[in-house]
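If you're wondering where the values come from, they're calculated on a predicted model, not measured in any experiment. Every number for a ligand or one of its atoms is a count from 1 in the order of the listing.
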Amino acid sequence: MAVNMYYDKDADLSILQGKKIAVMGYGSQGHAQAQNLHDSGLEVIVGLREGSKRWRQAEEDGLKVMTVKEAAKAADVIQMLLPDETQSQIYYEEIESGLEPGNALVFSHGFNIHYNQIVPKKDIDVYMVAPKSPGHLVRRTYKEGHGVPGLIAVYQDATGMAKELALAHAKGVGCTRAGVFETTFREETETDLFGEQVDLCGGVASLIKTAFEVLVEAGYQPEMAYFETTHELKLIVDLIHEGGLEKMWYSVSNTAEYGGMTVGPKVINELSREAMYEALERIQNGEFAREFVLEGKANRPVLTSMERLDREHPVEEVGRRLRAMMPWLNSGLNEK
Ligand SMILES: NC(=O)c1ccc[n+]([C@@H]2O[C@H](COP(=O)([O-])OP(=O)(O)OC[C@H]3O[C@@H](n4cnc5c(N)ncnc54)[C@H](O)[C@@H]3O)[C@@H](O)[C@H]2O)c1
Ligand SMILES: CC(C)(O)[C@@H](O)C(=O)O
Ligand SMILES: [Mg+2]
Ligand SMILES: [Mg+2]
């Protein structure tokens, strides 16, 4: 299937000029996309809860801030950069009544639309601009003059302009500098959840912790285990990022290449493949979404406990100690 790709030249920023864009939320994606849109010359309002600690930060960054309800009423384009598990309640309580015919509702992840948590009014555009990157890099790369690749999708086209608006929005965020792919809400939602569960976040975190535990249980020093299983991972992933697996295999020793190629498939094996298919099935049939929505309604008991258990894991304890001895490392999490 040919993929539709778009760059700066394919997007007309002027169709967003004269419109007010409300970015709801000022977290990882919110702070990045709001500032990029603003720096691209568009009119941006940030929507937050009264008393939010992000309020001052957004004002210090030069942005106008209002409550979510006020921002929804004032804006023509409303972008949902709130935590996925909160979006439905906030939409119905504070946003829906502020939407006027011809407005646009924008997402950076399709979860709430695809799993029926938000059923938007029919007379508005609904589109997606999803940077394929953590928020802090969305901002950093924009400031450096580049951008991160992104996805666009149209769910509802009430004005006949939804795709053009999505492209202009992606340009404002900086994504058309790197390239934007066209997809659907379903495809983005299911592939995004799959990637973060089995590979990018879940798979990598489990690989790190299990490899670290095996070395420590076998009597090796935790510091050695940390460097080997965690610290060096970034350097290896950077090579893959730059030039694919080919560049990584070229750069490491023949010993690492032979050992890696023959042993890797024994570790990530047929059982892992089955677990990946099971994860995909639970994403496709909505079971994961129901579980996560209920977790949100129950005030996140599992997430809270698992975050604490992870913080207490020895790989994190030794890592914190070692990273403090390497002040040149910057986690990037404190960047604006
Ligand atoms: N984190 C990422 O890098 C990333 C990448 C791609 C897509 N996304 C998507 O972007 C969206 C936002 O995710 P995030 O990770 O940036 O969120 P986040 O948790 O980092 O930030 C959420 C923001 O919403 C605010 N907020 C929370 N509850 C609120 C309420 N009741 N009223 C008003 N404001 C409230 C918080 O203060 C914060 O500013 C999600 O749809 C997510 O799937 C995130
Ligand atoms: C950055 C990720 C993992 O790609 C995003 O999908 C998220 O949900 O934070
Ligand atoms: Mg995601
Ligand atoms: Mg993602």
I need the atoms of ligand 1 closer than 4.0 Å to a non-hydrogen atom of [X], numbered in the order shown.
X: Ser133; result: 3 (O), 5 (C)
X: Gly27; result: 20 (O), 21 (O), 23 (C), 38 (C), 39 (O)
X: Gln87; result: 41 (O)
X: Tyr26; result: 23 (C), 38 (C), 39 (O)
X: Val68; result: 33 (C)

Test your reading of the structure: does [X] have an N or O sitting under 3.5 Å from an N or O of ligand 1?
X: Ile90; answer: no
X: Gln29; answer: yes
X: His109; answer: no
X: Thr86; answer: no

Q: Round to 10° and report the angle made at the Mg ion (ligand 3) by OD2 of Asp192 and OE1 of Glu196.
A: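 That angle is 90°.
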Are [X] and [Y] packed together at the side-chain level, in the sense that at least one heavy-atom pair is separated by less than 4.5 angstrom?
X: Ser108; Y: Leu81; result: yes
X: Phe212; Y: His313; result: yes
X: Tyr226; Y: Arg323; result: yes

**Q.** side-chain contact (heavy atoms from CB on, under 4.5 Å), paired with His38, selected from Val44, Ile45, Val46
**A.**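 Output: one option passes, namely Val44.
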Q | Sole residue of Leu105, Thr159, Ile78 in side-chain contact (heavy atoms from CB on, under 4.5 Å) with Ile124 | A |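 Option passing the side-chain contact (heavy atoms from CB on, under 4.5 Å) with Ile124: Leu105.
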Q) Relative to Tyr142, does Arg177 satisfy both conditions: NZ or CZ under 6.0 angstrom from the six-membered ring centre, and within 45 degrees of the ring's axis? A)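 Yes; both conditions hold, so Arg177 lies above the ring face of Tyr142.
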Between [options], which one has a non-hydrogen atom sitting closest to [atom]?
atom: atom 34 (N) of ligand 1; options: Asp84, Leu137, Leu82; answer: Leu82
atom: atom 22 (C) of ligand 1; options: Ser108, Pro83, Pro134; answer: Pro83
atom: atom 3 (O) of ligand 1; options: Pro131, Ala34, Gly135; answer: Gly135

**Q.** Glu85 bridged to Arg300 by N-O distance under 4.0 Å
**A.**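 Salt bridge: yes.
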Q.
Taking the basic N atoms (NZ, or NE/NH1/NH2) and the acidic carboxylate oxygens, is any pair closer than 4.0 Å for Lys209 and Asp310?
A.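 The answer is yes: the pair qualifies as a salt bridge.
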Heavy-atom nearest neighbour in the protein, as seen from [atom], with distance rounded to 0.1 Å:
atom: atom 20 (O) of ligand 1; result: Ser28 N, 2.9 Å
atom: atom 32 (N) of ligand 1; result: Arg49 CG, 3.2 Å
atom: atom 4 (O) of ligand 2; result: Asp192 OD1, 4.0 Å
atom: atom 37 (O) of ligand 1; result: Arg54 CG, 3.9 Å
atom: atom 7 (C) of ligand 2; result: Glu196 OE1, 3.5 Å

Q) For the side chain of Asp192 and the backbone of Thr189, is there at least one donor-acceptor N/O pair under 3.5 Å apart? A)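 Not at all, since once roles are kept as given, no pair shorter than 3.5 Å links the two residues.
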Q: May I ask you to decide if the ring planes of His31 and His136 are parallel, tilted or perpendicular, using 30° and 60° as cut-offs?
A: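 His31 vs His136 ring planes: tilted.
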Q. Which of parallel (below 30°), tilted (30 to 60°) and perpendicular (above 60°) describes Phe111 and His109?
A.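 Geometry flag for His109 against Phe111: tilted rings.
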